Amino acid sequence: MRSPLLSVTLSVLLVCLVGWLLVVGRSLILPFVIALIVWYMINSLAHLIQAIPIGHRHLPGYVSFSLALLVIFAAATLVLDVVTVNLTQLALDAPTYQKRLEELFGQFSSHLDLNDPLEMKDLFPDSVVPRMVTAGASLVTTLAGSASLVFIYVLFLVLEQSTFDAKFERLFSSPERADSAFAMRAEINRSIMHYFSIKTSVSIATGVLTSLVLIAIGLPYAALFGFIAFLLNFIPTIGSLIGVIFPSLLALVYYDNLGPFIAIASGLGLIQFTIGNLIEPRLMGSNLNLSGLVIMLSLAFWGAIWGIVGMVLCVPLTVMIVIVCARFEGARPVAVLLSQTGEVGPLPR
């Protein structure tokens, strides 16, 4: 009989090995993960389009799937083009904003009559603004560079998805085990669909409202900051805060007075608070059943492994872990610890 200490030791070694493989194989795994997300979005949108009644009929499956494919790739191409153009222009203007930021630090020091004037390099590294812009441009370049590989993965997923259920069923020795696995997959699918549908809707609303506020005030790169707000809204807790900081800092160096800065910081803060703390919790409900502390730890863990993509995926990945662990008696303690209420449902028979 295997001792509990040996089981724990083997479990820890397995987790460490999997984590190491995820870090080492990041360049290979991330494009495939992104392709899985795109493939999942295409199928979800296709089901949504097919559910729309046209008179007393519905669109055929292949028509709705083709429309979903066109919409997803057209939207991705449009967004990538807009972000690239805005980042290119921002990179050209970055030295000007850097100089303006240094002037603001000098003015602040003179108002306080400091013997040793406060300089920007005391708080930030040299050339912090150009470096931040370069990092953003590098991220877009990386995504664009891996787009062809992602497209190939998506193409093969689309071509082979009709065989997935048959293969999945043959993995199990009995129909009962197969039914249990299909039920678990359906539960994961429902939770992730619930999360992504609501999160995408509120993120789009956040991005659009952010762009409209910046356009109304006259701050440049409104489309870029709207996209950043949309993307960062998928990152729990800290994403909304960063989405307010970036355009507010630009307003601070772009305008000669504090009025636009206060208006942008207040307006975007109100948008983030209203959507993130009032609207989204009501729509999301308690479906995810994740502890707030677990979400923060998951954010740090997946962010350290996969960067921004890991931060965006930390919640659905943790939901999957909870659902899978809850199905096996030996792993149920893990599911209980990760859950918010400790209730993870009965074991399957």
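Remember, predicted model here, so these are calculated numbers, not experimental data.
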[X] vs [Y] side-chain heavy atoms within contact, under 4.5 Å:
X      : Y      : answer
Leu36  : Val154 : no
Ile271 : Val213 : yes
Val315 : Pro236 : yes
Asn43  : Gln161 : yes
Thr318 : Ile295 : no
Ser298 : Leu317 : no
Asn189 : Tyr40  : yes
Tyr255 : Ile217 : yes

Is the [atom1] atom of [X] crowded by more than 12 outside heavy atoms at less than 6.0 Å?
X      : atom1 : result
Tyr62  : OH    : no
Arg185 : CZ    : yes
Phe172 : CZ    : yes

Mind listing the closest non-hydrogen atom pair of [X] and [Y] along with its distance?
X      : Y      : result
Pro281 : Ile275 : CD-O, 4.1 Å
Ser203 : Asn233 : OG-ND2, 3.0 Å
Val324 : Met184 : CA-SD, 3.9 Å
Tyr153 : Ala35  : CB-CB, 3.4 Å
Glu280 : Val202 : OE1-CG2, 3.7 Å
Leu59  : Gln50  : O-CG, 3.4 Å

Value rounded to 0.5 Å, distance of [atom1] in [X] from [atom2] in [Y]:
X      : Y      : atom1 : atom2 : value
Leu21  : Leu28  : CG    : CG    : 11.5 Å
Ser197 : Leu45  : OG    : CG    : 12.5 Å
Ile228 : Ile245 : CD1   : CD1   : 12.5 Å
Trp306 : Ile34  : CH2   : CD1   : 10.0 Å
Leu313 : Ile37  : CG    : CD1   : 4.0 Å
Met320 : Ile192 : CE    : CD1   : 5.0 Å

Same apolar cluster: [X] and [Y], side chain cutoff 4.5 Å:
X      : Y      : answer
Leu22  : Leu17  : no
Leu224 : Ile215 : no
Ile152 : Leu30  : no
Val322 : Leu297 : no
Leu293 : Val319 : no

| task | Take Thr210 and Phe230 through the test side-chain contact (heavy atoms from CB on, under 4.5 Å) and record every step on the way to the result. | result | CA-CA 9 Å; Thr210 298; Phe230 163 79; over 6 Å; no
| Leu232 and Ile235: CA distance, side-chain angles, deciding distance, side-chain contact (heavy atoms from CB on, under 4.5 Å) verdict | CA-CA 5 Å; Leu232 290 177; Ile235 300 177; 3.8 Å; yes
| Judged by atom type as modelled, is there a donor-acceptor pair below 3.5 Å linking the side chain of Ser180 to the main-chain atoms of Glu176? |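 Such a contact is absent between Ser180 side chain and Glu176 backbone.
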| message | Between Ser339 and Val336 (side chain of the first, backbone of the second, donor and acceptor by atom type, cut-off under 3.5 Å), is there such a pair? | response |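 Yes; judged by distance alone, with no hydrogens or angles, the pair exists.
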| How far apart are the C-alpha atoms of Tyr221 and Leu250, what are their side-chain angles, what is the distance that settles it, and do they pass the side-chain contact (heavy atoms from CB on, under 4.5 Å) test? | CA-CA 10 Å; Tyr221 322 114; Leu250 181 61; 3.6 Å; yes
| request: Carefully, step by step, assess Phe182 and Phe168 under the rule ring-ring contact (aromatic ring centres under 6.0 Å, His included). | output: CA-CA 8 Å; Phe182 275 112; Phe168 193 65; 5.2 Å; yes
| Which class fits the ring pair Phe234 and Phe196: parallel under 30°, tilted 30 to 60°, perpendicular over 60°? |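 The arrangement is tilted - the two ring planes meet at 30° to 60°.
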| Intermediate values then yes/no, side-chain contact (heavy atoms from CB on, under 4.5 Å), Ser44 and Met193 | CA-CA 8 Å; Ser44 300; Met193 175 73 78; 3.2 Å; yes
| message | Please tell me whether Trp39 and Phe164 form a close aromatic pair, meaning their ring centres lie under 6.0 Å apart. | response |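 Aromatic pair counts; centres sit under 6.0 Å.
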| request: Give the C-alpha distance, both sets of side-chain angles, the deciding distance and a yes or no for ring-ring contact (aromatic ring centres under 6.0 Å, His included) between Tyr254 and Phe261. | output: CA-CA 9 Å; Tyr254 185 77; Phe261 165 75; over 10 Å; no
| query | Do Arg170 and Asp165 sit within salt-bridge range, that is, some charged N less than 4.0 Å from a carboxylate O? | reply |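 Salt bridge: no.
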